Amino acid sequence: MIMSRIEALRDEDTVPLVGRLLDGLPREAVLTDPDITASYAHDMASFCPAGIPAVVVLPRTVEHVQHVMRTATELDVPVVPQGARTGLSGAANATDGCIVLSLTRMDRILEISPVDRIAVVEPGVVNATLSRAVGEHGLYYPPDPSSWETCTIGGNIGTASGGLCCVKYGVTAEYVLGLDVVLADGRLMSTGRRTAKGVAGYDLTRLFVGSEGSLGIVVRAVLALRPKPPGQLVLAAEFASGAAACDAVCRIMEGGHVPSLLELMDRTTVKAVNDMARMGLPESTEALLLAAFDTTDPAADLAALGALCEAAGATQVVPAEDAAESELLLQARRMSLVALEAVKGTTMIDDVCVPRSRLGELIDGVERISEKYRLTIGVVAHAGDGNTHPTVCFDASDPEESRRARESFDEIMALGLELGGTITGEHGVGVLKKEWLAREIGPVGLEMQRAVKQVFDPRGILNPGKLF
């Protein structure tokens, strides 16, 4: 069947490419049926152009990846690496005539070491799968994007993703100790270490984290683990304004508290979650703040935090009674972006991160932008680290509304930069924000980043058209 699909293409460029790929790959690893390859064309981002791939390759070994890259270099064919395509910036979008290199079948957990507190994994391992596996050893892998049940470690590394627990535990980059990377010409390079300490040479590991597949293909990762913390308890605090909720966040952080989670949902988001899942969240609130502690005495920590919320003007503070109630609140937070998508059918999800001290100004500014463009914009935020996701809801079939959605999205990014922030805290640049990257880092920064790209990928075949 696969050969019949290949024969059906009979394209002067595609046929030699597929033939060369099949010289070193099993037939089931090479997909050419246009109906199938089309499903690999893009990730979950709106307003991001995507091309038509010539072929999709599903490697299972490092050698498979090396063969693909050698072939691509020899034939000068672009390669777009992909994970689960849950990204929100278009970084995994195909380009016309490219090889889509989907790493989801390289999904083995190769090692878990409780003594060294590391896990060695392939890029296709799903985040939640790894978290549960290390949990059986009394260990903990903290990075937990909202898509953790489906997103892959390779994708997390490519976009330097974050998650709900970053306020205490940090982002993906802080847990990547070492990498095996297939370079553009097919050579295999190892970076970093598996030791607790190590400062030999330039930190190339960090360079690859967040590079969105533009410098090389990650085929193995050494990840740092932590001891598994106690179960966390969650508190929900209602506020009459977003500004009051942000004031509470500042008081909490200034007071030296270290919650394991500190999240904000505005009234629009709360209503969307209730409409989709009937969660029973309080729709009378303008802002709902969720906080959690995973300490030995979380109830005492939540009580102290609750007092700060009340001092900031919380109208109601309700600690969860047990782990089950806590999990219900976290489930509501995790489904926020999906619920907002259901409001009008399509969303554009901003990812601006600002200093915590400017968070209230950003929330107020988003409300003004929403009124200016006559659009529903829900705000959900990792409030503890200032990373916000203003989510523009719109009808993609309405050209005028789509235009306003794009303009409002850009205005939110401009506001984030004005407040001393960044255009992306965890989703990456991809296609969606590449013109904004230049604005943030400036001409000299852009020149240096392009120079780095040239060293690793002189032919420009790795994920072209992304970042800059």
Side-chain angles (χ1 to χ4, degrees), residues 13 17 20 43 48-51 53-54 57 59 62 65-83 87 89-101 103 123 154-160 172-173 176 178-192 200-221 422-424 427-468:
D13 297 318
L17 170 62
R20 292 289 292 277
D43 63 16
C48 293
V57 176
V62 174
V65 176
Q66 289 182 283
H67 175 69
V68 170
M69 294 314 305
R70 291 188 189 111
T71 301
T73 294
E74 291 167 8
L75 299 180
D76 207 28
V77 176
V79 177
V80 176
Q82 290 185 349
S89 67
N93 284 13
T95 57
D96 285 333
C98 75
I99 300 169
V100 163
L101 187 61
L103 298 156
N156 294 167
I157 292 171
T159 58
T172 295
V176 182
L179 296 170
D180 282 358
V181 181
V182 175
L183 300 177
D185 60 8
R187 288 178 296 166
L188 181 64
M189 179 178 72
S190 294
T191 73
Y202 293 128
D203 190 350
L204 295 183
T205 303
R206 273 287 184 121
L207 182 62
F208 280 99
V209 178
S211 65
E212 302 183 11
S214 65
L215 302 179
I217 310 297
V218 172
V219 291
R220 186 184 72 108
T422 175
I423 59 170
T424 177
H427 292 171
V429 175
V431 177
L432 190 60
K433 303 165 195 160
K434 65 179 186 177
E435 68 178 81
W436 285 92
L437 176 65
R439 300 191 196 190
E440 178 171 334
I441 67 176
V444 176
L446 193 62
E447 180 184 348
M448 292 299 101
Q449 297 217 10
R450 284 177 170 155
V452 171
K453 166 74 168 173
Q454 178 67 21
V455 169
F456 283 92
D457 181 23
R459 289 178 174 268
I461 64 171
L462 280 169
N463 213 10
K466 314 296 165 51
L467 289 171
F468 38 72

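Please read all numbers here as calculations on a predicted model, not as lab measurements.
Annotation: side chain of Val62 is in contact with side chain of Leu188 (closest heavy-atom distance under 4.5 Å). Side chains of Asn93 and Val80 form no contact here, defined as non-hydrogen atoms less than 4.5 Å apart. Between Leu183 and Met189, the closest side-chain pair of non-hydrogen atoms falls below 4.5 Å. Residues Glu447 and Phe468 fail the side-chain proximity criterion, which asks for heavy atoms closer than 4.5 Å. Using a 4.5 Å heavy-atom threshold, the side chains of Leu204 and Leu207 count as touching. Between Lys466 and Val429 there is no side-chain heavy-atom pair separated by less than 4.5 Å. Side-chain contact between His427 and Thr159: absent, with no pair of heavy atoms (C-beta onward) separated by less than 4.5 Å. When side chains are defined from C-beta on, Val181 does not count as touching Val219, because their heavy atoms never get closer than 4.5 Å.
The two residues Ile157 and Ala221 come nearest to each other via the heavy atoms CD1-CB, 3.7 Å. Taking both residues in full, the closest heavy atoms of Gly51 and Asp96 are given as CA-OD1, 3.1 Å, listed atom of the first, atom of the second, then distance. Scanning all heavy atoms of the two residues, the minimum distance from Lys433 to Ile423 falls at O-CD1, 3.8 Å. The shortest non-hydrogen separation linking Val100 to Ala94 is CG2-CB, 4.0 Å. When all heavy atoms are compared, the tightest approach of Ser89 to Asp43 is N-OD2, 3.9 Å. The shortest non-hydrogen separation linking Pro464 to Thr95 is O-CG2, 3.7 Å.
Distance check: Thr71 OG1 to Arg20 CZ gives 5.5 Å after rounding to the nearest 0.5 Å. Within the model, atoms OG1 of Thr191 and CG of Asp203 stand 8.0 Å from one another, a figure rounded to the nearest 0.5 Å. The line from CG of Leu179 to CZ of Arg220 is 8.5 Å long, rounded to the nearest 0.5 Å. Note that CZ of Phe208 is 9.5 Å distant from CD1 of Ile217, once rounded to the nearest 0.5 Å. A distance of 9.0 Å separates CD of Glu74 from CZ of Arg459, quoted to the nearest 0.5 Å. For the atom pair Leu462 CG and Phe456 CZ, the distance stands at 11.0 Å (nearest 0.5 Å).
At least one donor-acceptor pair under 3.5 Å links the side chain of Thr205 to the backbone N or O of Gly192.
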Exercise. Dump the intermediate steps for side-chain contact (heavy atoms from CB on, under 4.5 Å) on Val79 and Met69, then the final yes or no.
Key: CA-CA 8 Å; Val79 177; Met69 294 314 305; 3.9 Å; yes
Practice problem: Let me see the working for Leu215 and Asp457 under side-chain contact (heavy atoms from CB on, under 4.5 Å), right down to the final yes or no. | Solution: CA-CA 6 Å; Leu215 302 179; Asp457 181 23; 5.8 Å; no
Practice problem: Walk me through it: do Leu101 and Leu103 pass the test side-chain contact (heavy atoms from CB on, under 4.5 Å)? | Solution: CA-CA 6 Å; Leu101 187 61; Leu103 298 156; 4.3 Å; yes
Practice problem: Please step through side-chain contact (heavy atoms from CB on, under 4.5 Å) for the pair Asp76 and Ile461, ending with a clear verdict. | Solution: CA-CA 7 Å; Asp76 207 28; Ile461 64 171; 3.8 Å; yes
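With a 6.0 Å radius and a threshold of 12 heavy atoms from other residues, nucleotides or ligands, Arg187 has its CZ atom at or below the threshold.
Thr422 and Glu440 are linked by a side-chain donor-acceptor pair at a separation below 3.5 angstrom, with hydrogens and angles left out of the test. For Asp180 and Ser190, the side-chain atoms include at least one donor-acceptor pair closer than 3.5 Å.
A salt bridge is absent between Asp185 and Arg70; no separation between the charged side-chain nitrogens and carboxylate oxygens falls under 4.0 Å.
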